[in-house]
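First comes the structure, then the notes that go with it.
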Amino acid sequence: MAHWLMKSEPDELSIERLAQLKTARWDGVRNYQARNFLRSMALGDTFFFYHSSCPEPGIAGVARITAAAYPDPTALDPHSPYHAPKACETNNPWSAVTVEHVRTFAKVIPLALLKQQSALEELALVQKGSRLSVMPVTPEQWSAVLQLAH
DNA sequence: GCCAACGTTGGC
DNA sequence: GCCAACGTTGGC
């Protein structure tokens, strides 16, 4: 089972909201590198749910993949903020997955704390200039983060 | 194929 | 709100 990290703006979807919903579609990814990681995900993979562009950026909890990648319907929806004008039914380059809530951390693990961990130096999240929103997490990185969770 | 201009991300 | 860094677009 592989591990991942995915970013979401809490205004769009927060870990608390996912806990209410139980399950949600993870869509709107419009970067090819991130999309390719989405497509590498398997049923049962778990990921860190990261809150970005908010007062307290950091890892907020854990969620799980419940459906592997499929065409992202928001790309075809002209009313969606994620509408991709060049995409069509027969040629939709964008992918989505379905996820379910696993765990909300008692406290968000702040980005500043993550940056201090030598075990996380290789994680794209903490690298200067990186904007990747979907990234792999090694088993070692996974346990290093969990040790910071209360 | 180059590269300037532009739009987006996302921390601070 | 600012701005650094990145990705994409489009003229040439």
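Source: prediction; values computed, not measured. Just so we're on the same page: letters track the sequence lines, and every chain starts at 1.
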(request) Establish, from distance only, whether the side-chain atoms of Thr74(A) and Arg30(A) form a donor-acceptor pair under 3.5 Å. (result) yes

(message) Of all nucleotides in DNA chain B that come within under 4.0 Å of a heavy atom of chain A, which is furthest toward the 5' end and which toward the 3' end?
(response) dG7(B) to dC12(B)

(request) Report the residue from Tyr32(A), Tyr70(A), Tyr82(A) that forms a ring pair (Phe, Tyr, Trp, His ring centres under 6.0 Å) with Trp94(A). (result) Tyr32(A)

(message) Using the ring pair (Phe, Tyr, Trp, His ring centres under 6.0 Å) definition, which of the options Phe37(A), Trp26(A), Trp4(A) pairs with Phe47(A)?
(response) Trp26(A)

(request) Verify whether the ring centers belonging to Phe48(A) and Trp142(A) lie closer than 6.0 Å. (result) yes

(message) What I'd like to find out is whether the side chain of Val145(A) reaches to under 4.5 Å of the side chain of Leu5(A), using heavy atoms alone.
(response) no

